[in-house]
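Chain identifiers are assigned alphabetically (A, B, ...) following the order of the sequence lines, protein sequences preceding nucleic acid strands; residue numbering begins at 1 within each chain.
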Amino acid sequence: MDFKLEIAKKISNITDMEEAKVLDLMEIPPQPNMGDYAFPCFQLAKVMRKAPNMIAKELAEKVEKDNIVEKAEAAGGYLNFFVNKEEFIKQVINQVIEQGDKYGTSDEGEGKTVLVEFSSPNIAKPFHIGHLVNTITGNAIEKIFKHLGYKTVKLNHIGDYGTQFGKLISAYKRWGDDEVIEKDPINELLKIYVKFHDEAEKDPSLENEGRMYFKQLEDGEPEAVALWEKFRELSLKEFKKLYKDFNIEFDSYAGESFYSDKMPEVIEILKDKNLLKESNGAQIVDLEQFNLPPCMIIKSDGATIYATRDLAAAIYRKRTYDFFKSLYVVGNTQALHFKQFFSVLKLAGFDWADDCVHVGTSLVKFADRKLASRKGDVIYAKEVVDEAVEKTLEIINTKNPNLENKEDVAKKVGMGAIIYTFLKNNMDRDIIFSWEDMLSFEGESGPYVQYSYVRGKSILKKAGNIDENPDLSYLKTEDEYNLVKQLGFFKETVKQAADRYEPFVINRYVTDLAKAYNKFYNTHPILTAEKEVRDARLALTKAVTNVLDIGLNLLGIQTPESM
RNA sequence: GCGCCUGUAGCUCAGUUGGAUAGAGCAACGGACUUCUAAUCCGUGUGCCAGGGGUUCGACUCCCUUCAGGCGCACCA
C-alpha cells in the first residue's frame, strides 16, 4: 500500500481536485515534527475563492481518519498529515523484505526496449579518464532503466573507422614490432601512430600512403583488413579487462566500421526527401528552421562523416531493436552534433527521432594541469583504478589487517570510491578532477556507504537465524522511524533518476540512507537489546542492507561482505 | 559574433521542477571506542543564493538584462 497515494485519494474525495493533480502537489514538510506529508492549499484558493489557511482548516476537519492517517492539521496554507507510524513501518519493512532485490522495481518498462550507447573508445587509443566517466555513467543509467522493467541493450559504439587506421597500418608496416605490441598493445600502437605523424611532417608522402591503406581497407584488401582486425582485437582485449574490473558487459561492440556499408541507403533517403544540398563542394542538410548550423553528410572529397554513420546506426537500431528510447551517453561537448543529427532524422520523416536522447556526461577538467597525472599530462583509467585500489589496500592493512580476501575487497572498495565520485553530482556540471576527492574515503563517499552496508551485514551474520515475523511495533524511536521513511522513498528515487537521466539522484539517496543507518547504529543497540526490540531492529537492518545493496548496484558499485 | 551549460557557506556540491526557518560533505575546533567494524557518530559557525529589473499570494527555482567562467559553432569524432 502506498501511503502517499492513499492520502491523495482522501484529499481528492473532499475537494474538486483530481487525484493525480493532488499527488503532484503533495510534498514532504521541511521539519519532521510538522508531519509526514503535506498538501499546499494555495491552488485551491483560486477556485474556492477563500484564503488558503481557511481551506486548510476546513479540510483538516473533513479528512477521514483511519489506520493510515492518524491526524490532519492545518498549518498556515498547508494541510499536514500525520500517518499511523506503526502501520507505516510495518508496511514498508515487510515490503522491502518480501520483495528482496526486486524492491523499487516497476512495470512501467514492460515490453519496452531502451538502448544505451556508452563508453565507445577508439581503437589503438588509450582509455582515459573521460571515457571512464562516460562508461560509469552509461552503465548506471542502463541498470536504472533495467530496474524499472525495461529491456535494455548496452551498445559500445567503438571508434574503429577512418583514415587514421590507414595511417596506423602504414606505421605498423614501417615500425611495428609484434613482440612489443603484444605486451602493451594500445600504448605501443599509439606510439607508432604518433611517430607516423612526426615523420609525416618531414615527409608528406606518408600521408598519401596512409590514405592508400585506408582505401585498401575500404576495398576489402585482405592484408589491410587482417591488420585492422588485429588492432581491433588487441584493443578490445585491453578494454574488456577494464570493463571486467567494473563488472560491465556490452551486448554489442558494433562500431563505426559496422555501419560503413549502411550509409549509401542514408544518402538515398536524404536525396529522396530532397534534403541534401550542395555547399562548398560538400553535401549538407540545412537546419535553419531549427536554428541550427547545417549538418554535413558528405565531405567535399566524397567521403562520409560521423553524422552519416550516426544516421545509419540510428536507422539500423530502430529496425533491429524497435526501441522505445535510444540513449546516447556521450560527453556534453557533443550536444550540438546530437541536436543536428536528431533534427535530420526528423526532417527525413522518422517520427521516432523524438525517442532519441543525448544524455550528456560531464567534462573532466583539472584544477592544476601539472598535477593532472602522477606520470604524465593525461590521466588514464587504469592509473585511477590502480591508485584507488592501492590506497584501499593500505587502509585495510592499518584498520583491518586480518581481513580475508583483502585484494578482492580492495578492488570493490577502490572502484566504489571512483564510481561514487564520478556519479556524485549532476552532469551539467564539469568534474574538476582531484586525487584528493577521488581518494577520500570519509564522509560522503563510496566507502562510506559500503561501510554502512558491511556493518549491517556483520550484525545480521552474528545474529544467526532471525525471526521471520517480528513485532515491528517495537520500533518506536525517531531514528528508526526516519530510517523507515527513507526506505519508503526508494521507489520514487529510482523513477526520478530515470526521468532525469541522472544517476547522482541514486547516489544521494544511498548516502542519505547510510547516514540514517549510521546514526541509528551509533545510538541504539541491536544485538544486545531485549528480544522483541532486537528482532524488530534486525528486520530493519535487513531491510536497510537490502536497499543499500540494490541502490549501490544500480550505480555499479559492488558490496563487500566485510571491509 | 552566435548557441548551450555553469555561478548557492572558505572548498566541493544538494535544493523534491514555484512553497514553510536555504541544506550536506570537506576543512577548523571540541566530544564519544575494555560495548553490534571509530572508513562511524554527536556538538560548535558561516550565506547580498553573481548583480539589477520583472511575473504573483509566494522566486535559489520562471522571464528579461548585465557581469564572470566553461564548452561548442561544417569537411576530426
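Using the Watson-Crick or G-U wobble rule with both distances under 3.5 Å, B:C33 pairs with nothing in any strand shown. Of all nucleotides present, only B:G72 satisfies the Watson-Crick or G-U wobble test against B:C2, with each distance under 3.5 Å. With a cut-off of 3.5 Å on both Watson-Crick or G-U wobble distances, the partner of B:U56 is given as none. Under the Watson-Crick and G-U wobble criteria, each requiring two contacts below 3.5 Å, nucleotide B:G47 is left unpaired. B:A27 is unpaired under the Watson-Crick or G-U wobble criterion, no partner having all donor-acceptor distances under 3.5 Å.
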Distance-only check: which donor-acceptor pairs under 3.5 Å involve side-chain atoms of residues 291-314 of chain A, not counting sequence neighbours?
unit_1   : atom_1 : unit_2   : atom_2 : d
A:Asp301 : OD1    : A:Ala303 : N      : 2.9
A:Thr308 : OG1    : A:Ile297 : O      : 2.6
A:Thr308 : OG1    : A:Ile305 : N      : 3.2
A:Thr308 : OG1    : A:Ile305 : O      : 3.1
A:Asp310 : OD2    : A:His337 : NE2    : 3.2

May I have the list of side-chain donor-acceptor pairs in residues 326-333 of chain A shorter than 3.5 Å, sequence neighbours left out?
unit_1   : atom_1 : unit_2   : atom_2 : d
A:Asn332 : ND2    : A:Thr361 : O      : 3.3
A:Asn332 : ND2    : A:Met427 : O      : 2.8

Q. Reading nucleotides 23-38 of chain B from the 5' end, what letters show protein touch, with B for base, S for backbone sugar-phosphate only, - for no heavy atom under 4.0 Å?
A. -SSS---------BBS
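For NZ of A:Lys411, the number of neighbouring non-hydrogen atoms (other residues, nucleotides, ligands) closer than 6.0 Å is 12 at most.
OP1 and OP2 of B:U16 both lie 4.0 Å or more from every side-chain N or O belonging to A:Tyr37. Taking only side-chain nitrogens and oxygens, A:Lys299 comes nearer than 4.0 Å to OP1 or OP2 of B:C76.
The aromatic rings of A:Tyr161 and A:Phe214 sit perpendicular, their planes meeting at an angle over 60°, well past the 30° parallel limit. Under the 30°/60° scheme for interplanar angles, the aromatic rings of A:Phe433 and A:Trp435 are found to stand perpendicular. Taking the six-membered ring where tryptophan is involved, the planes of A:Tyr517 and A:Phe520 are tilted, since the angle between them lies from 30° to 60°.
Note on A:Arg309: only backbone sugar-phosphate atoms sit closer than 4.0 angstrom, heavy atoms only; bases stay farther off. A:Ala51 comes within 4.0 angstrom of nothing in the nucleic acid, heavy atoms only. Residue contacts shown for A:Asp160 are absent, as no nucleic acid heavy atom lies under 4.0 Å away. No contact: A:Gln340 has no heavy atom under 4.0 Å from any strand. Residue contacts shown for A:Ser120 are absent, as no nucleic acid heavy atom lies under 4.0 Å away. Residue A:Pro447 is in base contact, counting any heavy-atom pair closer than 4.0 Å across all strands shown. A:Ile396 comes within 4.0 angstrom of a base, heavy atoms only.
Rounding to whole angstrom units, CD of residue A:Glu492 and P of B:U17 are separated by 10 Å. If you take CG of A:Asp24 and C1' of B:G18, they are 12 Å apart, rounded to a whole angstrom. In this entry the distance linking CD1 of A:Ile431 with P of B:C11 reads 20 Å, nearest Å. Separating the CG atom of A:Leu311 from the C1' atom of B:A74 is a distance of 14 Å, rounded to the nearest angstrom. For the pair A:Asn80 CG and B:A20 C1', the interatomic distance rounds to 9 Å; values are reported in whole Å. Protein atom CZ of A:Phe366 is 16 Å distant from nucleotide atom P of B:G70, rounded to whole Å. Between A:Phe338 atom CZ and B:C4 atom P there is a gap of 19 Å when expressed in whole angstrom units. Atom P of nucleotide B:A39 and atom CG of A:Asp437 are separated by 20 Å, given to the nearest angstrom.
Looking at the side chain of A:Lys519, the nearest of the listed nucleotides B:C13, B:C42, B:A20 is B:C42. Listed candidates were B:A20, B:C41, B:G72. Nearest to the side chain of A:Leu336 is B:G72. Which of B:U12, B:A39, B:U16 sits closest to the side chain of A:Gln496 comes down to B:U16. Listed nucleotides: B:C4, B:A20, B:A74. Nearest to the side chain of A:Lys339: B:C4. Side-chain proximity of A:Asn518 to the nucleotides B:G15, B:C13, B:U40 is greatest for B:U40.
A donor and an acceptor atom never sit less than 3.5 Å apart when one is taken from the side chain of A:Ser452 and the other from the base of B:A39.
Scored by the salt bridge (charged side-chain N to carboxylate O under 4.0 Å, His left out) test, A:Lys519 finds no partners at all (sequence neighbours excluded). Residues satisfying the side-chain hydrogen bond (donor to acceptor under 3.5 Å, both in side chains) test with A:Lys125, not counting sequence neighbours, are A:Gln164. By the salt bridge (charged side-chain N to carboxylate O under 4.0 Å, His left out) test, A:Asp408 pairs with A:Lys412, sequence neighbours left out. In this view, A:Tyr509 and A:Phe490 satisfy the ring pair (Phe, Tyr, Trp, His ring centres under 6.0 Å) rule, not counting sequence neighbours. With sequence neighbours excluded, no residue forms a side-chain hydrogen bond (donor to acceptor under 3.5 Å, both in side chains) with A:Asp437.
B:A28 and B:G45 have their C1' atoms separated by 10 Å, given to the nearest Å. B:U17 and B:U35: their C1' atoms are spaced 47 Å apart (whole Å). Nucleotides B:C41 and B:G53 are separated by 43 Å at their P atoms, to the nearest Å. Using atom C1' as the reference point in both B:G18 and B:C57, the two lie 12 Å apart (nearest Å). A gap of 16 Å separates the P atoms of B:A24 and B:A14, to the nearest Å. Straight-line distance between the C1' atoms of B:C64 and B:G23: roughly 30 Å, to the nearest whole Å. When the C1' atom is used for both B:G30 and B:C36, the distance is 27 Å, rounded to whole Å.
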Under 3.5 Å, which protein N or O atoms sit close to an N or O of nucleotides 55-63 of chain B? Give each pair with its distance.
none

Restricting both atoms to N or O, compile the protein contacts to nucleotides 5-10 of chain B shorter than 3.5 Å, with distance only.
unit_1 : atom_1 : unit_2   : atom_2 : d
B:C5   : O2'    : A:Asp428 : O      : 3.0
B:G7   : OP1    : A:Arg429 : NH2    : 3.0

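Between the side chain of A:Arg537 and the backbone N or O of A:Ile526, no donor-acceptor pair lies under 3.5 Å.
Annotated as anti: B:U37, whose glycosidic dihedral deviates from 0 by more than 90°.
No side-chain heavy atom of A:Asp549 sits less than 4.5 Å from a side-chain heavy atom of A:Thr545.
Residues in residues 20-33 of chain A take part in these side-chain hydrogen bond (donor to acceptor under 3.5 Å, both in side chains) pairs, two or more places apart or across chains: A:Lys21-A:Gln43. Evaluation of the side-chain hydrogen bond (donor to acceptor under 3.5 Å, both in side chains) test over residues 421-433 of chain A, restricted to residues two or more places apart or in two chains, returns A:Lys365-A:Asp430.
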